[in-house]
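One structure is given below, encoded as structure tokens.
Please read all numbers here as calculations on a predicted model, not as lab measurements. Start at 1 and go down the list; that is how both ligands and their atoms are numbered. Sequence positions, counted from 1, serve as the residue numbers for this chain.
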Amino acid sequence: MSELKLLSVVSEIYPLVKTGGLADVAGALPAALKAQGVAVRTLVPGYPAVMAALGAREEAFYFDHLFGAPARLYAATAAGLDLFVIDAPHLYDRPGGPYTGTDGRDYVDNAQRFAALGAVASGIGLGLVPGFVPDVVHAHDWQAGLAPAYLHYASGRRPGTVMSIHNIAFQGQFPASVAPLLGLPAHAFSMGGIEYYGTVGYLKAGLQLADRITTVSPGYAAEILQPEAGMGLEGLLNQRRGVLSGILNGLDAAAWDPAADSLLPSPFDAKRLDARAANKAALQARFGLPQEPDTLLFGVVSRLSWQKGLDLLMDGLGTLIDIGAQLVVLGSGDPQLTERYAGSARVNPGRVGVQFGYDEELAHLIQAGSDALLVPSRFEPCGLTQLAALRYGALPVVARVGGLADTVIDVNEMARASGVGTGVQFSPVTVPALQNALTRTHALWQDKTLWRTLQRNAMATDVSWDRAARAYAELFRNLARERAA
Ligand code: ADP
Ligand code: GLC
């Protein structure tokens, strides 16, 4: 097997900068692909956190002018990742997040900031850095959506392009006035190009012009062909369904290993499930809840947003209280939801505990200490928290959508008979169905022997990256072969 060179293009990467699962995927896939003979370099914007983390770096290119000012491209390593970093202080050197300022609002020049990412990716694809000329360019989400477009409109030999959808709800749409700034030929601003209902659509551009399209679960790949989940792009996706596939995400096995997790008071594994109890006690203490081993403890680790369906949990909370359960929530995001959760903790002392903000350690403790992890998402391209829950023996209670449906086996009668259940699914994604799932979970909890079996089933689920990496590697190889022919 000859080594294939892949340029991964992404706007966040764990552990350097992360707002969600996209960073986890971008951070874990390179090592998994390496085992499949794919050499990955990842192109990321030089945000302050990225620049600060760089080890030895080498200037790979100098741009006299990159969307407004000079910039440098560095080849560097950080946290074991091989990177290309765009050092463009006028675009990326600011306080705040990767997409929003300290006021929580989108940066006004996001169109330029991520056009630069696409343009530099294209440049590398066309041979800007002689030491690394990729066979395939892999663009993640709208922020990288222009990479396939720049490559499509370039002349000469180009690498294959793959556009991966992690969340179709975020599309990177900008006013038509952005089009002339991009340095693409004028005819690119058309229906067959980057134009999207009179605007410029970065994700649309990638979906239109990439050689292949992937998304992060087979279930979501099917859902986005329908209007309910396609968010306006279902027509285009149906036209291109021949090149669309779903590849289920894995979980970073080193970062999420209950037997060797330094963030836990009491590491454990499927053979030492008793050691899990100390984590539950620590978790209850952390949230000021009574340390009752026999009380069913539900956990949530999530962005607080409409997608995640956490308003439904607030609406259905009465059931959770009625069955005598406890709830701990770690989340950040929507201010209104934050207020509702804070309120519910106030009126349910000893039963509901909340913490807001981003806390890696607490996320691990919740996975290791809660009995069940709730993920009531309205839609979920893949979802990583239910994968961690499986690995940590917190039974996932999930909405039957997207990647949640693909990764959790509902403990129905049939699954029970054949002993394969790993969690609870509910559908439709409504308050009554969620409440019913809470009650069902509580009924399962009463049977301690069954619960243990389910935990062991869950923990035996293969959530590694191997299978996905094999699927990506095959897709990249086929594409590279096709381009070479
Ligand atoms: P999404 O990317 O849609 O937010 P995923 O389930 O794919 O959902 O990924 C979420 C990732 O972010 C997981 O690694 C999860 O553990 C982490 N996470 C979410 N919220 C928090 C939080 N408040 N603190 C720490 N980690 C969080
Ligand atoms: C997005 C999706 C999530 C998925 C993640 C990584 O953030 O919302 O479902 O797991 O990307 O692919």
*So which heavy atom in the protein is nearest atom 24 (N) of ligand 1, and how far is it from that ligand atom?*
D359 N, 3.0 Å
*Of the choices V301, L22, T19, which has the non-hydrogen atom that lies closest to atom 21 (C) of ligand 1?*
V301
_Centroid-centroid under 6.0 Å between F174 and W142 rings_ = yes
*What protein heavy atom is closest to atom 5 (P) of ligand 1, reported as residue, atom name and distance in Å?*
L384 N, 3.6 Å
*May I ask you to check whether over 12 heavy atoms, not counting those of E474, lie within 6.0 Å of atom CD?*
no
*Tell me which protein heavy atom sits closest to atom 10 (C) of ligand 1, plus the residue, atom name and distance to 0.1 Å.*
G21 N, 3.7 Å
*Between P381 and ligand 1, find which residue part has any heavy-atom pair under 4.0 Å and reply side chain, backbone, both or neither.*
neither
*What's the shortest heavy-atom distance between V329 and F287, and which atoms?*
O-CE2, 3.8 Å
*Record the part of K308 in heavy-atom contact with ligand 1 below 4.0 Å; permitted values are side chain, backbone, both and neither.*
side chain
*Mark yes or no for whether D334, through its side chain, and L337, through its backbone, hold a donor-acceptor pair below 3.5 Å.*
yes
*Minimum-distance protein heavy atom relative to atom 26 (N) of ligand 1*: Y358 CE1, 3.2 Å
_For G20, atoms of ligand 1 separated by under 4.0 Å from a heavy atom_ = 2 (O)
*ligand 1 versus T385, non-hydrogen atoms closer than 4.0 Å: side chain, backbone, both, neither?*
both
*Please report the shortest heavy-atom distance between S377 and V429, naming the atom on each side.*
O-CG1, 3.6 Å
*To the nearest 0.1 Å, how far is atom 4 (O) of ligand 1 from its closest protein heavy atom, and which atom is that?*
R303 NE, 2.7 Å
*asked:* For V431 and Q435: C-alpha separation, side-chain torsions, deciding distance, then whether side-chain contact (heavy atoms from CB on, under 4.5 Å) applies.
replied: CA-CA 6 Å; V431 175; Q435 289 175 315; 3.7 Å; yes
*Might you list the protein residues in contact with ligand 2, defined as having a heavy atom under 4.0 Å from one of its atoms, sorted by chain and number?*
G21, L22, V25, H166, N167, V216, N249, R303, Q307, E380, P381, C382, G383, L384
_Tell me the protein heavy atom at minimum distance from atom 23 (N) of ligand 1, and give that distance in Å._
G357 O, 2.9 Å
*Do the non-hydrogen side-chain atoms of T407 and T461 ever get within less than 4.5 Å of each other?*
no
_Give me the atom names and distance for the closest heavy-atom approach of A372 to V397._
CB-CG2, 4.1 Å
*Enumerate the residue pairs fulfilling side chain to side chain donor-acceptor pair (under 3.5 Å) with a member in residues 218-230, sequence neighbours excluded, ordered by first and then second residue.*
none
*Only one of L387, L264, L365, D269 clears side chain to side chain contact (heavy atoms under 4.5 Å, CB included) with Y392; which?*
L264
*asked:* Once you measure the plane-to-plane angle for Y92 and F114, does it fall in the parallel (<30°), tilted (30-60°) or perpendicular (>60°) bin?
replied: tilted
_Heavy-atom pairs closer than 4.0 Å: do any link ligand 1 to the side chain of H166, the backbone, both, or neither?_
neither
*May I ask whether K18 places a heavy atom under 4.0 Å from ligand 1?*
yes
_Show, in sequence, the C-alpha distance, side-chain angles and deciding distance for L310 and Y341, and conclude whether the side-chain contact (heavy atoms from CB on, under 4.5 Å) test is met._
CA-CA 9 Å; L310 291 168; Y341 273 88; 3.4 Å; yes
*Which atoms of ligand 1 sit under 4.0 Å from any heavy atom of S302?*
20 (N)
*Would V375 and K308 count as a side-chain contact (heavy atoms from CB on, under 4.5 Å) if you check the C-alpha gap in whole Å, the side-chain angles of each, and the deciding distance to 0.1 Å?*
CA-CA 7 Å; V375 195; K308 302 294 180 180; 5.7 Å; no
*Is G383 in contact with ligand 1, taking contact as a heavy-atom separation below 4.0 Å?*
yes
*side-chain contact (heavy atoms from CB on, under 4.5 Å) between L83 and L16: does it pass, once the steps are laid out?*
CA-CA 11 Å; L83 303 176; L16 308 181; 3.7 Å; yes
*Considering only the protein, which heavy-atom contact is closest to atom 14 (O) of ligand 1, and what is its distance?*
D24 OD2, 2.7 Å
_Geometry only, no angles: is A363 polar-contacting ligand 1 at N/O separations under 3.5 Å?_
no
